[in-house]
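We number each residue from 1, following the sequence as shown. Just so you know, these numbers come straight off a predicted model, no measurement behind them.
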Amino acid sequence: MLEVKDFAGAPVTHGRVSLNGTRIHYVVAGQGEPLVLLHGVPKSWYYWHRIIPILSEHFTVIAPDIRGFGDSFRPQSGYDMETVSEDIVQLVDYLGYDKFGIVGEDWGACFAFAVAARYPDRVTKLSFGESLLPGFGLESWSHLSPENHALGRFLWHVSFFHVPDFPEMLISGREGAFWSTWMKNETYDPAAITDDCVEEWARTSSAPGGLRAIFSVYRATWENIAFTKAIQEQGLPMPVLAIGAKYFIAEEARNQMEHFTDRVEYVEFDCGHSLALERPLELAETLIKFFSPS
């Protein structure tokens, strides 16, 4: 892992806090209004290391490791969207903030969506990047079908990770090779997935319970579908920025959010799935523009 510093050259601040039945590791950097960054699978806060130095000049960046990921604890349960969203809100409470903006990518976008849906009076704005919500596309995109194959959007891993025990058995001891190959296949520029990233996520996923925790996110699909379907009627009141990658989920990120609000701004980057690693400068500039006070 490379040392990550804020805009002024000061190292990010690490912390841990016990809450909601687990213990969360997080980093904080910068100044200004709070902006929470939520990573996806199999990542950690370190996914954001290329944009934290840019964002921290404008915001107090809060980047936690989702429960089960990175250096957070790995409880036996609680990997559904509703429980994880409660982790995040309790973390923000602990850090002393009331209202905040929130950014998510991949599964982090689903968790950020859940935070916004459950606490609409506290989330000022939401950025939903490169993700498919359970109940609104995750299952259909993961089917082996001629259409999905032709469009290059068969998310085979969704079903594989959902199967109990077998992914752990097959990947254990091969975390570095597996995550490197899988993540590079999802990018447009494989060189964006550098050795420091692979080493960090192999380190944390190979820790006791690491793979189980990651796959538990997928094994909560039925709970998550019930949650998202219930939210559709209530909708989202805050402005939403949907971000898609031209060579992966693309405008479907916008379509996802349009099920819940008509206040959606859409931006698409010329890259693959790992937005903050493939297009860090463009992503940072886009987030600064969206989340900065009008």
Side-chain angles (χ1 to χ4, degrees), residues 19-25 38-45 47 64-90 104-115 117-118 128 130-145 148 153-175 178-179 181-183 185-186 201-232 249 256 273:
L19 48 76
N20 202 30
T22 189
R23 195 175 187 208
I24 298 296
H25 169 256
L38 302 184
H39 64 83
V41 172
K43 305 158 193 167
S44 66
W45 76 270
Y47 170 76
D65 288 336
I66 301 298
R67 70 161 59 200
F69 291 74
D71 289 305
S72 287
F73 278 22
R74 298 169 174 80
Q76 290 296 318
S77 61
Y79 296 93
D80 58 284
M81 291 165 57
E82 190 167 5
T83 302
V84 172
S85 70
E86 185 62 27
D87 293 347
I88 303 307
V89 172
Q90 289 191 23
E105 64 88 30
D106 186 73
W107 271 102
C110 296
F111 297 138
F113 165 85
V115 173
R118 295 184 66 237
F128 182 91
E130 273 289 289
S131 194
L132 301 164
L133 288 169
F136 291 89
L138 181 69
E139 309 85 69
S140 60
W141 275 51
S142 65
H143 290 167
L144 177 58
S145 66
N148 280 342
R153 68 182 191 188
F154 173 42
L155 303 182
W156 59 270
H157 67 280
V158 173
S159 297
F160 175 52
F161 291 169
H162 195 278
V163 178
D165 302 327
F166 276 81
E168 290 94 323
M169 176 182 67
L170 296 171
I171 298 171
S172 183
R174 307 175 181 87
E175 291 86 354
F178 180 80
W179 297 128
T181 303
W182 181 54
M183 293 181 69
N185 283 344
E186 292 186 336
W201 298 324
R203 175 187 72 83
T204 56
S205 65
S206 64
L211 290 175
R212 170 192 53 80
I214 288 171
F215 303 140
S216 292
V217 171
Y218 295 83
R219 294 165 188 165
T221 294
W222 314 130
E223 298 166 74
N224 290 334
I225 290 173
F227 174 77
T228 58
K229 292 294 187 181
I231 294 301
Q232 187 175 20
I249 290 176
Q256 296 281 298
H273 187 51

How long is the gap from CD1 on Ile249 to NE2 on His273, to the nearest 0.5 Å? 5.5 Å
Atom CD1 of Ile231 and atom CE of Met81: how far apart are they, to the nearest 0.5 Å? 8.5 Å
Parallel, tilted or perpendicular: ring planes of Phe113 versus Phe227, cut at 30 and 60 degrees: perpendicular
So do Trp201 and Ile214 actually touch side chain to side chain, heavy atoms under 4.5 Å? no
Answer yes or no: is there a donor N or O on one side and an acceptor on the other, between the side chain of Asp65 and the main chain of Ser44, under 3.5 Å? no
Looking only at heavy atoms, which two atoms of Arg212 and Ser216 are closest? And how far apart? O-OG, 2.7 Å
Electrostatic pair Lys43-Glu186, nearest N-O below 4.0 angstrom: no
To the nearest 0.5 angstrom, please state how far the CD atom of Glu82 sits from the CZ atom of Arg118. 5.0 Å
Taking Ser142 for the side chain and Ser159 for the main chain, is one N or O donor matched with an acceptor at less than 3.5 Å? no
Listed by chain and number, what are the salt bridge (charged side-chain N to carboxylate O under 4.0 Å, His left out) partners of Arg23, not counting sequence neighbours? none
What about the rings of Phe161 and Trp182, do their centers lie closer together than 6.0 Å? yes
Heavy-atom side-chain proximity of Pro42 to Met183 below 4.5 angstrom: yes
In this structure, CZ of Phe178 is separated from CG of Leu211 (nearest 0.5 Å) by 9.0 Å
Smallest separation among heavy atoms of Ile66 and His39, with atom names: N-NE2, 3.0 Å
Spatial distance of atom CD (Glu139) from atom CG (Asn224) [nearest 0.5 Å]: 9.5 Å
For the residue pair Cys110 and Leu133, what are the closest heavy atoms and their distance? SG-CD2, 3.8 Å
Any donor-acceptor pair under 3.5 Å from Gln232 side chain to Ala230 backbone: no
Counting N and O atoms only, with roles assigned by atom type, does the side chain of Arg67 sit under 3.5 Å from a partner on the main chain of Thr83, one being a donor and the other an acceptor? no
Could you go through Phe73 and His25, starting from their C-alpha distance and side-chain angles, then the distance that decides it, and tell me whether this counts as side-chain contact (heavy atoms from CB on, under 4.5 Å)? CA-CA 8 Å; Phe73 278 22; His25 169 256; over 6 Å; no
Would you confirm whether the ring centroid of Trp107 sits within less than 6.0 angstrom of the ring centroid of Tyr218? yes
Crowded around Trp222 CH2? As in, over 12 foreign heavy atoms under 6.0 Å? no
Distance col, row Trp45:CH2 vs Ser72:OG, nearest 0.5 angstrom, shows 12.5 Å
Tell me, do Phe215 and Val41 make a side-chain contact under 4.5 Å, heavy atoms counted? no
Look only at the side chain of Arg219 and the backbone of Tyr79, and say whether a donor-acceptor pair between them is shorter than 3.5 Å. no
Tell me whether Asn148 contacts the main-chain N or O of Ser140 through its side chain, where contact means a donor paired with an acceptor under 3.5 Å. yes
So, for Gly21 and Pro75, which heavy atoms are closest and what is the spacing to 0.1 Å? O-CB, 4.3 Å
Would you confirm whether Glu105, through its side chain, and Gly40, through its main-chain N or O, come within 3.5 Å as a donor-acceptor pair? yes
Would you say Val158 and Leu132 make side-chain contact, with heavy atoms under 4.5 Å? no
Show the nearest heavy-atom pair for residues Gln90 and Leu19, with the distance to one decimal. OE1-CB, 3.5 Å
Pairwise side-chain contact, Ile24 with Ile88, heavy-atom cut-off 4.5 Å (strictly under): no
